[in-house]
Amino acid sequence: MLNQTPDLPSLASTVVDWQKQHGRHHLPWQGTQDPYRIWLSEIMLQQTQVATVIGYYERFLVRFPDIGSLAQARQEDVMPYWAGLGYYARARNLHRCAQELAANWDCHFPPTPEQIAMLPGIGRSTAAAIAAFAYGTRSPIMDGNVKRVFTRYFGIYGVTSQRAIENLLWATAQGAVEAAPVELDMAAYTQGLMDLGSQCCVRGRPDCARCPLKARCYAYEHGVQQELPTPKPRKTSPERECKMLVLRSQGKILLEQQVSPGIWGGLWSLPQYGDTSEIEAACNHLGQSSTAARRMAGLLHVFSHFKLHIEPWYLRNDTLQVAETSPRQSWIAIEDLASTALPAPIRKILDGLFGPYGRELPLVTDAPADTG
DNA sequence: TACGCGTGGAC
DNA sequence: TGTCCAAGCGT
């Protein structure tokens, strides 16, 4: 917890005030305290976006208007109303849960979040949401929205799916509720956190200007919104591939200065293309048939966060006019390559062609495999 | 504890 | 066009 100045007592009230003014109020499952409708919406909304859920929610309610009607149905009558929504264990658990409620609770929900969380398909967060919306219970939720808001506001680093971070987030959420005034509108607070997370404190480009918490938000103060929540480490780094063209004319090579920020920013690299047709287009632009270009041995370059498969092509034509074809391009004499700022794999390609002393060496052709 | 579960949206 | 991920839970 890095935030030195979180205003815990006013946090919840700030969220409630914002929710009442700027939050969502017209979603189909709002404006009711019916635990059945709240429950159904919470289950459908697990890992599923609001826009997707709305239609399913309304069709489901027409067919199964209450716990009793759902409990009496056969599972094969329920599943068609879930088809296309995904995560079908949710529907099976929903049906089982309705039958448990009918059998043990007279078609009502238990009174406490702890008891609600014992029902099939309902975990700690969903139970807290049902209790907050239906009963006003002061029990915090912890979904993707709240994780985003809290990791940023409090400056909580670490992968949120890990136990220690998860525990810290729950404790923080509990602390925020306990510090709130007794008259706190718990339904508005719970909804407000989710509205903040989905409308304002979004992952890609958070709209901090509109955020009621920015005055004491750690991520806003330190400009680290993009670093929080801490992203899960990739198992396998992504792989990309590209073609590069070694264009030689009159003892010079066409190089391209890379932009900063960016990969190899400020260094000189070879003109780069997504696929062979782009190389052909570039050759044609120079009035040169691409059939004269020869493919060289490919190589693999490993960055910290991805792997790049490079397929170099070599084209020599000493009749080409020695004029740059775009502002960032420049013809560099082969004997000057040694003193040019080249990324490692580019130097390897050029050294393979011309040697470290600028001598042209035999080409390796038709060798598509990576040579490292 | 980490992973599987489904589909569609965003970039 | 691919990759990530969204109102999580169960195992």
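Per chain, numbering begins at 1; letters A, B, ... match sequence-line order.
With hydrogens and angles disregarded, a donor-acceptor distance shorter than 3.5 Å links the side chain of A:Ser41 to the backbone of A:Ile38.
A salt bridge links A:Lys147 with A:Glu166: at least one charged nitrogen is closer than 4.0 Å to a carboxylate oxygen.
Mapping A:Leu119 and A:Val50 onto DNA chain C by nearest heavy atom places A:Val50 closer to the 5' end of the strand. Nearest-nucleotide mapping onto DNA chain C: of A:Gly121 and A:Gln30, the residue sitting toward the 5' end is A:Gln30.
With rounding to whole Å, A:Glu166 atom CD is found 15 Å from B:dC3 atom P. Computed from coordinates, the A:Arg148 CZ to C:dC4 C1' distance equals 13 Å when rounded to whole Å. Atom-to-atom, CG of A:Leu94 to P of B:dG6 comes out at 15 Å; the value is rounded to the nearest Å. For A:Ile141 and C:dG8, the CD1 to C1' distance is 12 Å, given to the nearest whole Å. For the pair A:Gln46 CD and B:dG6 P, the interatomic distance rounds to 13 Å; values are reported in whole Å. In this structure, A:Met44 atom CE and B:dG6 atom C1' are separated by 14 Å, rounded to whole Å. The distance from atom CZ of A:Arg96 to atom P of C:dG10 is 9 Å, rounded to the nearest whole Å. Rounding to whole angstrom units, CD of residue A:Gln226 and P of C:dC5 are separated by 13 Å.
Proximity of A:Trp170 to A:Ser125: side-chain heavy atoms (C-beta onward) are separated by under 4.5 Å at one or more points.
Within the structure, ring pair (Phe, Tyr, Trp, His ring centres under 6.0 Å) contacts touching residues 120-142 of chain A (residues at least two apart or in different chains) do not occur.
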What are the atom names and distances for every N/O pair under 3.5 Å that joins the protein to nucleotides 7-11 of chain B?
| unit_1 | atom_1 | unit_2 | atom_2 | d |
| --- | --- | --- | --- | --- |
| B:dT7 | OP1 | A:Tyr88 | OH | 3.2 |
| B:dG9 | O4' | A:Gln49 | OE1 | 3.2 |

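C:dG2 sits 23 Å from B:dG6 when the P atoms are compared, rounded to a whole Å. Rounded to whole Å, the P atom of B:dT7 lies 22 Å from the corresponding atom of C:dT1.
For A:Arg90, no side-chain nitrogen or oxygen approaches OP1 or OP2 of B:dG6 to under 4.0 Å.
Judged as a side chain to side chain donor-acceptor pair (under 3.5 Å), and not counting sequence neighbours, A:Asn104 has no contacts.
Ring-plane geometry between A:Trp18 and A:His22 is classed as tilted, the angle between the planes lying from 30 to 60 degrees on a 0 to 90 degree scale.
As judged by a 4.0 angstrom heavy-atom cut-off over every strand, A:Trp82 is placed among residues making no nucleic acid contact. Residue contacts for A:Arg203: at a heavy-atom cut-off of 4.0 Å it reaches the sugar-phosphate backbone alone, with no base atom in range.
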Derivation of the side chain to side chain contact (heavy atoms under 4.5 Å, CB included) call for A:Val177 and A:Ser139: CA-CA 7 Å; A:Val177 170; A:Ser139 183; over 6 Å; no
